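This report refers to the structure that appears directly beneath it.
Lettering of chains follows the sequences in order, A, B, ..., and the numbering in each one begins at 1. If you're wondering where the values come from, they're calculated on a predicted model, not measured in any experiment.
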Amino acid sequence: MKNKHVNAIVVGAGAGGGIVAKELAVAGLSVVLFERGGWATYNDHDDDELISQRTTVLGNAFGPDDKRHRRVVVYGDGSPRIVLPSEGGYSNNAACVGSGTVSYGAMAWRFMEQDFKLKTIYGQVEGSTLEDWPISYSDLEPCYEKAEWEIGVSGEHNANPFFAPRKKPYPMPPFSLNREGQLLYDASKRLGLHPFPIPMLRNSIRYNGRPACYRMRSCVGFACPVNAKCGTHNTVIPTAIKSGNCELRTHCQVAEIVLDEKGRATGVKYFDENNKGQVQTADIVVISAAAVETARLLLNSKSKLFPKGAGNNNDWVGRNLQGHAYTGALGLMKDEVYDDVGPGACMAVSDFNHGNPGIIGGGALCNEFTAMPYLFSKMRPPGAKQWGIEHKEYQRSMFKRVIRLHGPFQEIPNFEARVTIDPEVKDDWGIPTVRLSGSRHEYDRIGCQFMSDRAEEILKEAGAYFTWQSVGGRGLSGGQHQAGTARMGNDPKTSVTNKFGQVHEIDNLFVADGSLHVTNGGFNPALTIMALGYRVGDYIAKNWNGGKFK
Amino acid sequence: MFIPACSGYDSVWRFFTELEAKTVIAFAEQIIPADKDPGATDVNVINFIDKQLVGPYTRFQEMYRKGIPAIENSAQKLFQKAFYDIEFAVQTEFMIKMEKGELPEELWKETGQTNFFRLMLDHTMQGFYGSPRHGGNVNYVSYKMMKLDYPHVMGQNRYESKCAQQPLPTSPGEEQKRENAPV
């Protein structure tokens with residue numbers, strides 16, 4: 001049976017797509033929201049470390065599965081290799097309703113004012129496509145506010161002097177610090193820094209009809225057993241469905257955006273839950289599949305007017321793949337610092353996000369999420385024996401004495417870090433799959449070293465008797481914080497969409513996810529992706545005049 | 001009891017032969033030996049690895065099938081004994097060599113010794129620390145070893161630690177005073 005024509009298709013029920021679907025549905029548009037996975041709950045894998053979002057050795061708790069999905073990764077030596085979703089390098093994002101917002105650590109960062117104009121501040125960087133965003137912080141401020149209040153954020157709005165101005169406080173009070181967080185907070189203060197409690201997309205009090213967080217150690221990487229973590233799956237997506245205007249279609253793999261002869265989008269081709277090929281037509285199409293899959297979908301959607309893929313006539317789709325180079329330091333303490341108050345991360349400093357002498361950008365430093373026992377077995381000082389009695393003794397005596405501080409360094413975008421379509425390899429549905437290639441800008445390593453040095457200083461001040469660094473910034477970018485592959489901009493020659501996420505040459509095709517990011521901030525990107533979801537959704541709803549979109 | 005239907009099988013394992021399992025058990029016990037807390041053998045790491053090799057780790061079957069004989073051939077060459085029959089301390093020396101890639105290289109053409117070492121190290125850790133549902137970490141003993149409550153009951157368990165049950169004395173002699181104090 002033919003699918004009924006709708007006003008809008010949204011591909012991907014994650015941080016961006018869930019919000020767009022809700023904005024359009026409550027504005028009265030009929031919407032089909034496609035999701036390649038299904039609903040995920042705590043009961044599916046509970047706190048099983050080996051099948052979690054952080055440790056995927058036995059599979060991805062929230063999808064995608066190893067059986068039907070694969071990608072090609074080109075490593076530093078130039079050799080391509082087929083990589084499964086559960087393997088490192090795949091750059092996996094969860095495939096379920098809510099996507100990463102079900103299992104994330106839920107840090108709720110607004111980017112800073114500077115994060116939107118890196119080129120103005122730092123100038124041209126050789127070998128980089130560093131650019132200002134076409135929008136400023138103040139353009140996005142109302143959208144951040146909406147995300148904070150509709151999805152739900154706990155935090156202290158005036159605790160960090162480096163944050164940009166805001167109109168409203170957070171809807172919920174901040175979380176208290178755990179012992180590690182308090183030690184690092186005090187140490188940072190003594191060093192003249194400005195520590196503050198991390199804003200979190202978790203309920204610190206009862207909010208939106210869901211209970212307060214009870215601080216599990218197994219939080220990041222897992223679904224919440226009491227639904228205290230706030231994502232699109234337990235907020236906007238249910239709202240969209242309740243409006244009566246949004247149909248959520250799970251277990252559907254979208255293969256291609258259908259473009260007509262005039263170059264407009266008419267709908268999508270997809271495989272339904274029974275792997276049957278289907279077509280859904282719509283007046284507008286919004287792609288929110290995250291940076292890698294969004295680029296793949298655009299590149300796989302060719303037509304006479306777009307022989308290189310939708311919106312790709314200037315070869316910018318899939319370029320500038322960014323993530324976050326995580327960097328920091330670890331230390332050993334004489335006394336126990338682990339008090340089993342989850343999820344671990346609770347304090348941060350953003351003194352080093354900008355204004356670092358000789359450094360482009362920077363990033364926040366946060367104490368880390370609780371490491372589960374298997375992950376901890378890999379955290380050792382350089383040169384330490386990894387096995388035998390020494391291993392066991394370390395697990396026993398140091399698990400509660402390790403102190404960690406690290407953060408996401410704002411990567412310098414480069415044109416060759418990219419998503420392309422592999423000429424041969426296909427997924428189980430026969431859809432050509434992606435090839436990830438290129439590497440981070442060599443500058444990232446320098447910035448990461450700077451950040452790790454700062455982290456180590458704070459750990460020493462907190463009383464660590466031995467410290468070592470974990471310096472990031474090499475290799476292929478991407479990962480869960482993937483961004484940048486459909487950059488927004490004012491010039492169609494050097495960007496993929498305009499400042500509202502509308503693809504330059506296709507007026508009824510939109511992108512609403514991290515792909516739009518010109519630069520990825522020195523912070524976890526979820527709240528910014530949500531804010532962009534509100535921005536794109538609001539723009540479509542306001543300019544919608546029934547049937548046609550212009 | 002003799003069960004005729006089962007007598008045709010020569011291994012109790014899903015993937016390993018009985019002999020292969022002996023090598024893996026000895027190897028895993030070197031990675032996490034028993035001391036005051038259980039070791040890899042006690043928590044059934046072998047069962048974890050065997051189970052995964054016919055599940056998500058099917059892709060590693062070949063590594064094990066070729067790597068285990070390479071361990072045994074190396075042991076035969078160096079000690080004229082099976083790896084699992086060598087005494088523990090000598091096994092440890094063997095493992096250190098294997099980790100550094102110092103075993104006879106000609107016996108390791110198929111898997112590479114450091115590759116196989118790292119793979120088995122990683123799988124042993126997973127079996128020891130992963131959820132018991134996957135076949136290892138019986139009764140979450142590794143969590144208990146790390147003084148982590150399971151199930152998670154924050155702040156409730158005391159792990160036989162005397163100092164956690166009593167306030168610490170703040171000065172010498174105070175402990176004595178406290179014991180004598182009226183209750």
Side-chain angles (χ1 to χ4, degrees), chain A residues 45-52 55-61 65-67 82-88 178 214-219 222 225 335-336 338-342 370-380 385-402, chain B residues 27-40 48 51-52 55-60 88 91-92 95-96 99 117-118 120-137 140-157 159 161 164:
Chain A
H45 296 284
D46 57 53
D47 57 1
D48 186 339
E49 187 191 359
L50 302 182
I51 308 184
S52 68
T55 309
T56 59
V57 290
L58 297 186
N60 289 306
D65 59 88
D66 280 1
K67 236 177 99 189
I82 293 177
V83 174
L84 301 174
S86 70
E87 294 180 301
N178 62 9
Y214 71 111
R215 312 203 67 167
M216 298 272 288
R217 71 168 84 102
S218 49
C219 173
F222 307 92
D335 298 319
E336 289 192 357
Y338 179 79
D339 54 5
D340 220 358
V341 175
T370 303
M372 298 286 278
Y374 165 64
L375 202 58
F376 186 73
S377 77
K378 294 168 185 282
M379 284 178 197
R380 291 294 185 273
K385 199 171 168 221
Q386 305 281 327
W387 52 280
I389 290 292
E390 293 91 334
H391 154 80
K392 218 173 164 187
E393 194 46 43
Y394 193 94
Q395 292 284 103
R396 268 193 299 245
S397 63
M398 297 318 298
F399 179 73
K400 298 190 174 184
R401 292 187 169 84
V402 168
Chain B
F27 185 100
E29 187 65 16
Q30 279 289 330
I31 297 291
I32 307 176
D35 56 0
K36 63 184 179 184
D37 289 303
F48 168 86
K51 192 175 171 193
Q52 305 318 314
Y57 284 170
T58 306
R59 65 184 186 280
F60 297 125
F88 193 86
Q91 276 178 350
T92 307
M95 300 275 290
I96 291 170
E99 187 182 22
F117 185 92
R118 281 198 300 269
M120 285 180 76
L121 170 74
D122 202 20
H123 291 177
T124 301
M125 294 298 175
Q126 291 165 13
F128 196 79
Y129 295 108
S131 167
R133 72 180 53 160
H134 301 301
N137 194 9
Y140 281 100
V141 293
S142 63
Y143 276 54
K144 198 175 177 203
M145 173 186 112
M146 291 168 72
K147 298 189 173 65
L148 277 170
D149 309 354
Y150 199 92
H152 194 199
V153 190
M154 268 189 311
Q156 294 309 299
N157 288 354
Y159 301 100
S161 157

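- Neither the backbone nor the side chain of A:L375 comes within contact range of chain B; no heavy atom of the residue lies under 4.5 Å from a heavy atom of that chain.
- Using a 4.5 Å cut-off between heavy atoms, A:K378 contacts chain B through its side chain alone, with no backbone atom that close.
- With rounding to the nearest 0.5 Å, the separation of CG in A:L50 from CE in B:M125 is 13.0 Å.
- Only the side chain of B:H134 comes within contact range of chain A, with heavy atoms under 4.5 Å apart.
- Atom CD1 of B:I32 is separated from atom OG of A:S377 by 7.5 Å, given to the nearest 0.5 angstrom.
- Using a 4.5 Å cut-off between heavy atoms, A:M398 makes no contact with chain B at all.
- With sequence neighbours left out, A:E390 forms a side chain to side chain contact (heavy atoms under 4.5 Å, CB included) with A:K385.
- Looking at heavy atoms from C-beta onward, A:D46 lies in side-chain contact with B:R133 at the 4.5 angstrom threshold.
- When heavy atoms are compared at a cutoff of 4.5 Å, B:D37 approaches chain A by way of both its backbone and its side chain.
- A salt bridge links A:E87 and B:R59; the closest N-O separation between the charged side-chain nitrogens and carboxylate oxygens is under 4.0 Å.
- Heavy-atom distances place no part of B:T124 under 4.5 Å from chain A, backbone and side chain included.
- Residue B:Q126 touches chain A through both its backbone and its side chain, counting heavy-atom pairs closer than 4.5 Å.
- In terms of heavy-atom pairs under 4.5 Å with chain A, the best-connected choice from B:G130, B:P33, B:S131 is B:P33.
- With a 4.5 angstrom heavy-atom cutoff, B:L121 touches chain A only via side-chain atoms.
- Between B:Y143 and A:M372, the closest side-chain pair of non-hydrogen atoms falls below 4.5 Å.
- Here the NZ atom belonging to B:K36 is positioned 4.5 Å from the CZ atom belonging to A:R396, to the nearest 0.5 angstrom.
- Rounding to the nearest 0.5 Å gives a distance of 4.0 Å between CG of B:D35 and CD1 of A:I389.
- If you measure heavy-atom distances from A:T55 to chain B, you find no contacts under 4.5 Å at all.
- Both the backbone and the side chain of A:L58 have a heavy atom closer than 4.5 Å to some heavy atom of chain B.
- When heavy atoms are compared at a cutoff of 4.5 Å, B:F88 does not approach chain A at all.
- Scanning both residues, B:Q30 and A:W387, for their nearest heavy atoms gives O-CE3, 3.5 Å.
- Of the two parts of A:Y374, the backbone and the side chain both hold a non-hydrogen atom closer than 4.5 Å to a non-hydrogen atom of chain B.
- Looking only at side-chain heavy atoms (C-beta outward), B:L148 and A:R217 come within less than 4.5 Å of each other.
- In this structure the side chain of B:M145 reaches within 4.5 angstrom of the side chain of A:K392, judged on heavy atoms.
- With a threshold of 4.5 angstrom between heavy atoms, B:E29 does not approach chain A through any atom at all.
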